[in-house]
Amino acid sequence: MRWFLLRCAVLIVVGTLCVSVTRHRVQVWHSELLLWTEATQVSPEKPRPWVNLGNQYSRLEADTLAETAYHRALRAASRSERSLDELTLGRAIAANNLARVHMAQGRPRDALRLVSEAQALVPSSPAIERTRQWIARDAAIAFSH
Amino acid sequence: MDCARRSHRLLALSVLLLVAAGVYLPARGNPFVYEDDAIGAAPVWSWPGRGLTMWTEQGSDATRAHAGNLLLHLVNGAGVALLATELATPAVGLAAAAVFLWHPMTSEAVLDASARADLLVTFFTLLAILAALHGTAVGWLVAVAATVAAGASKEIGAISPLLLLLTVWCRRPSLLARAPWAATLAGVFGLALGLTGHAILSWLHMDWHTGGSVFGWPTYASLQNLAVWRLLALVWPQGFTIDHDVLALAGDREFAATVLTTVVLGVAVLAARRVPLLTWAIGWVVIAVLPRFVFQTNEFIHEYQLVTADVAVSVLLGVGLVSFLTWRTPEKAIRPWHQQTA
């Protein structure tokens, strides 16, 4: 009887643990920022979570944090063991988004360099082309002043 | 006595469902995230292989979408209980339902609004199997309709007839002897594939620029195998998340995953006569994940995409939990089914 009660207690503890972890996941999914922060902690070598984390920081206008996240994405995408897919898409997207952050920070030269790098990786991307055109237009205005 | 036992089981299942509802209820307030923007973006039935999912999502805001997913999860949990009761014992049914409803391995399918399609495939598959095991003409008609509905919920729903055939063949092979129904099922399988065929064929050879994989098939299959093992067996100590990194685990773990898969497939064959439940569970998982190996995309399998496979995992864990509690293996769970009384 004693062992049966002990086994019951073990199952109750396991069940409570399961429910607690699931409850925690419900809270994490409440915010995209929490979601991608968690992903970068579990998968720090993968570019995509860092890119999406940077996007969330950009939306919140936390440019410094966004810049850090995009740099992490670029570093993760540069490792030779990553797939070609992540080297190009991951790096291109991170470079494109970081270019936008640099423009917002008033660094048009850095922005142009990054968006050119992104376009060299994925020439056919409409999103990167739109970024390049926006930067070129605003940079021309900035340089003329 | 039977009525009393049935009432107690119903009460226990209700408690499991209530606890699960309580855990997930706060998700109603979660916003749309990541790929949820696509919900409701395309006209309903513009994509036949997902038409039913799109129809259920029509006009949904985030609250309704998450509430819908929760409802599906609770119904699926009840379905797992019924299926596990049929395959093993009522105690295993309750334990399997608890695992399926409470374990965080199924949480992404509930919390990600975009995962509605996988929940629907699981629902219709369970409905088809439970209806078919009834053995009546109406039951088979419902099974046929449910497998078609699975195919119309998501392209991978085309596996629903295979899971139905596997379960019926394992549990009540005599039902398959009714040739007209088998022929109907074959027709249904063709119809389910036909609903998605135009998409499936184009996925066989996708360029990596348009969503295909950069890896050749052997490498892709090896990494996908590692991803499946990671999510089914290793997620617990290493964390649940929206985006797992398979490539960082490659190398030794890839080799270990390949060895494990070979061993498991061998066990499935060897256990077929003595422990058919184990063979059924392994076969279920293999069928549920097999399309991910055939159609190579630039993504490896996600947690929510394993929710159909989690049905069999929950049943096995349910047997384990009951065995642990009673300190003996439920005899009905391991006795060959043809030796069991009806």
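Residue numbers start from 1 in every chain, and the chains themselves are labelled A, B, ... in the order their sequence lines are given, proteins ahead of strands. These values consider heavy atoms only, across backbone and side chains, with no hydrogens, waters or symmetry-generated copies.
Between the side chains of A/Arg100 and A/Thr131, at least one donor N or O sits under 3.5 Å from an acceptor N or O. Between the side chains of A/Gln105 and A/Glu67, at least one donor-acceptor pair of N or O atoms lies under 3.5 Å. In this structure, a donor-acceptor pair under 3.5 Å is absent between the side chains of B/Asn76 and B/Thr122. A donor-acceptor pair shorter than 3.5 Å can be found between the side chains of B/Ser114 and B/Asp36. For the residue pair A/Thr22/B/Ser107, the side-chain donor-acceptor check at 3.5 Å is not satisfied.
In this structure, chain B has no heavy atom under 4.5 Å from any part of A/Asn55.
Using cut-offs of 30° and 60° for the angle between ring planes, the B/Phe324 and B/Trp327 rings count as perpendicular.
Scanning residues 24-39 of chain A against chain B with a 4.5 Å heavy-atom cutoff picks out A/Arg25, A/Val26, A/Trp29, A/His30, A/Glu32, A/Leu35, A/Trp36, A/Glu38, A/Ala39, ordered by number.
Among B/Leu321, B/Thr326, B/Asp112, the residue with the largest count of heavy-atom pairs under 4.5 Å with chain A is B/Asp112.
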Which atom pairs, one a donor and one an acceptor, fall under 3.5 Å between side chains of residues 57-66 of chain A and the rest of the protein, sequence neighbours left out?
unit_1: A/Ser58; atom_1: OG; unit_2: A/Gly54; atom_2: O; d: 3.1
unit_1: A/Ser58; atom_1: OG; unit_2: A/Tyr70; atom_2: OH; d: 3.4

